[in-house]
**Student:** 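Take this structure, written in structure tokens, and hold onto it; I'll ask about it next.
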Amino acid sequence: MVALYNWVKEAQSGYGTEEKVIDTFIPKIKKSLRLTKPDNREDLEQELKLCVIHYVRSYSLDKVPGLVDLNERKDS
């Protein structure tokens, strides 16, 4: 997970590591595509990859909760 965090951080800085992030999610994307019609899979795969890129670029790493924050949420 640390690598994913670093790749997202680099991608937001313009280093072009979006491909590494997408590669991380490829197994989940492929598995999810099995639930769709074969005719739609290629288009949907491209859309999902675009969504991942969009989220990588727009995700705020400053709002990622730390361990203490998660622990406080669990207790309340």
Side-chain angles (χ1 to χ4, degrees):
M1 287 310 269
V2 173
L4 181 60
Y5 177 85
N6 290 334
W7 293 335
V8 169
K9 191 173 181 178
E10 288 176 15
Q12 289 179 348
S13 300
Y15 293 111
T17 55
E18 291 97 348
E19 187 175 340
K20 291 179 183 177
V21 176
I22 290 173
D23 289 344
T24 302
F25 288 99
I26 285 291
K28 176 60 179 163
I29 290 172
K30 295 287 186 185
K31 186 175 181 179
S32 297
L33 288 173
R34 289 188 207 131
L35 303 173
T36 64
K37 294 180 182 179
D39 296 343
N40 299 332
R41 289 181 184 168
E42 188 175 331
D43 292 335
L44 184 56
E45 181 177 355
Q46 294 301 315
E47 286 295 320
L48 291 171
K49 288 178 181 179
L50 286 173
C51 286
V52 169
I53 291 171
H54 169 74
Y55 286 117
V56 163
R57 291 183 179 166
S58 64
Y59 188 75
S60 175
L61 292 172
D62 296 332
K63 295 181 181 178
V64 176
L67 184 58
V68 174
D69 299 325
L70 292 174
N71 230 358
E72 287 174 0
R73 286 184 194 173
K74 185 182 90 173
D75 293 336
S76 53

**Student:** Test: salt bridge (charged side-chain N to carboxylate O under 4.0 Å, His left out). Region: residues 50-60. Which pairs qualify, not counting sequence neighbours?
**Tutor:** Glu18-Arg57
**Student:** Which residue pairs satisfy the side-chain hydrogen bond (donor to acceptor under 3.5 Å, both in side chains) criterion with at least one member in residues 34-53, sequence neighbours excluded?
**Tutor:** Lys30-Glu45, Glu45-Lys49
**Student:** Please identify each residue that fulfils side-chain contact (heavy atoms from CB on, under 4.5 Å) with Lys28, with sequence neighbours left out.
**Tutor:** Ser32
**Student:** If Ile, Leu, Val, Met, Phe, Trp and Tyr residues are connected whenever their side-chain heavy atoms lie under 4.5 Å apart, and connections chain through other members, are Trp7 and Tyr55 in the same group?
**Tutor:** no
**Student:** Of all heavy-atom pairs between Val56 and Gln12, which one has the smallest distance, and what is that distance?
**Tutor:** O-NE2, 2.7 Å
**Student:** Can you name the residues that form a side-chain contact (heavy atoms from CB on, under 4.5 Å) with Glu19, not counting sequence neighbours?
**Tutor:** Asp23
**Student:** Measuring from atom CD1 of Ile22 to atom CD1 of Ile29, what distance do you get when rounded to the nearest 0.5 angstrom?
**Tutor:** 7.0 Å
**Student:** Under a single-linkage definition using a 4.5 Å side-chain heavy-atom cutoff for Ile, Leu, Val, Met, Phe, Trp and Tyr, are Phe25 and Leu50 assigned to the same hydrophobic cluster?
**Tutor:** no
